[in-house]
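Numbered from 1 within each chain, the chains take letters A, B, ... in sequence-line order.
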Amino acid sequence: VRAILLGAFVLALALPAVAAAPAIPVRVRILKADKTPPPAVDPRLEDLRPQLANLAYQKWDEVDRRELPMEFGKDVDVSLPDGSKLTLRVLSSSKDNVTFKVGLAAHKTQSSLTISKDQRIVYQVVHEKNGVAYFASIRPWPAP
Amino acid sequence: MSQDCVKFAPLLSATERDLPAAEREAALGHLSGCEACQARLADLEALHALVGPAVMARANAVDFSNFADQVMAKVGSTRQPFWTRLFARRGTIAALLAPALAAAALLLYLGQGSTGGEEFLADAGDVDIESEGHDPTVIQTSDGPVVLLGDDTEET
């Protein structure tokens, strides 16, 4: 009986370490995209240039930036320029990948996206109006 | 006591198997012609006849049925420290190590595998989009996905 109790004690010491999964640092940036020339990319968005080059927008500006410690399974809301909200949740994380849940209630859209830890998500969050749209970039473990 | 008696008298109590054949023959030869040694042998045989049964009788009188219990009782009376007794038992160590190893294995598995509040395992590049009234477009690039909301019937 004493041995079983001691074993349970050891297990009880180990379990909190399992349960207390650390928060993931996530950088969320809100980008303003404009189709009006001339082409210009905010220098702060240089790391996103390969992804942004796939889109038909000429100007890119960073209008907001958040550094969020995200806990597994907990929603984090980010306010958007049109007054709506972007809801983010870290669904899971493995050795190489992270899966995010991205929700846009205003657009009745919900997505789960899995990226490797050196990638980032560029997600349109506000529809284009007069040639201007807004995007969010989501990057886990951002470089300092 | 002659020189031969000094030599052979100590051999009187020996058994046949204790002596080499030549020495046994020599001893018997001396014994056959020496009255003193014959008397000594008679005394020895008489002594053995008295002492042997007496010793066996004493030994048989002793009750050994609870000998083991008495020994264990004496051993148990000197209690060792708890940790000494604990780790002297293999079963106890196994009982301690089993959950500890299980916890370590669980930690290792979770450290290498998936963590998080929900069971969701996916590969990089997996995208699942649910949208009402839109037709989202996903562009996969080496730096990650780009998601476009698509047409919005309410705003177009």
(request) Let me know if Leu52(A) has heavy atoms under 4.5 Å from chain B in its side chain, its backbone, both or neither. (result) neither
(message) Tell me whether Lys59(A) at atom NZ has more than 12 heavy atoms from other residues, nucleotides or ligands lying less than 6.0 Å away.
(response) yes
(message) Within the supplied structure, the quantity of interest is the number of heavy atoms (other residues, nucleotides, ligands) at a distance under 6.0 Å from Asp135(B) CG; does it exceed 12?
(response) no
(message) Tell me whether Glu67(A) at atom CD has more than 12 heavy atoms from other residues, nucleotides or ligands lying less than 6.0 Å away.
(response) yes
(request) Could you tell me whether the side chain of Gln51(A) and the main chain of Gly144(B) form a donor-acceptor pair under 3.5 Å? (result) yes
(request) Can you tell which part of Val98(A) gets under 4.5 Å to a heavy atom of chain B, answering side chain, backbone, both or neither? (result) neither
(message) Is there a side-chain contact between Val147(B) and Gln124(A) in this structure, where contact means two heavy atoms from C-beta onward sitting under 4.5 Å apart?
(response) no
(request) With a 4.5 angstrom heavy-atom cut-off, could you sort out which part of Val126(A) is near chain B: side chain, backbone, both or neither? (result) backbone
(request) Answer yes or no: are there more than 12 heavy-atom neighbours, outside Asn66(B) itself, under 6.0 Å from its atom CG? (result) yes
(message) What part of Leu104(A) gets within 4.5 angstrom of chain B, counting heavy atoms only: side chain, backbone, both, or neither?
(response) side chain
(request) Assess whether atom NZ of Lys117(A) is packed by more than 12 heavy atoms of other residues, nucleotides or ligands within 6.0 Å. (result) yes
(message) Quick check on Asp96(A) against chain B: is it the side chain, the backbone, both or neither that has a heavy atom closer than 4.5 Å?
(response) neither
(request) Starting at OG1 of Thr114(A), measure out to CG of Asp128(B) and round the result to the nearest 0.5 Å. (result) 9.5 Å
(request) State whether the number of non-hydrogen atoms from other residues, nucleotides or ligands found under 6.0 Å of Gln70(B) atom CD is greater than 12. (result) yes
(request) Report yes if some heavy atom in the side chain of Leu149(B) is under 4.5 Å from a heavy atom in the side chain of Tyr123(A); otherwise report no. (result) yes
(message) Is there a continuous path of hydrophobic side-chain contacts, each under 4.5 Å between heavy atoms, that joins Val63(A) to Val41(A)?
(response) no
(request) Among the options Leu148(B), Ile139(B), Val138(B), pick out the one with the most heavy-atom pairs lying under 4.5 Å from chain A. (result) Leu148(B)
(message) Let me check something: do Leu86(A) and Phe100(A) share a hydrophobic cluster, defined by ILVMFWY side-chain heavy atoms less than 4.5 Å apart, either directly or through other members?
(response) yes
(message) Testing the basics here: between Gln119(A) and Thr141(B), what is the closest heavy-atom pair and its distance to 0.1 Å?
(response) NE2-O, 3.9 Å
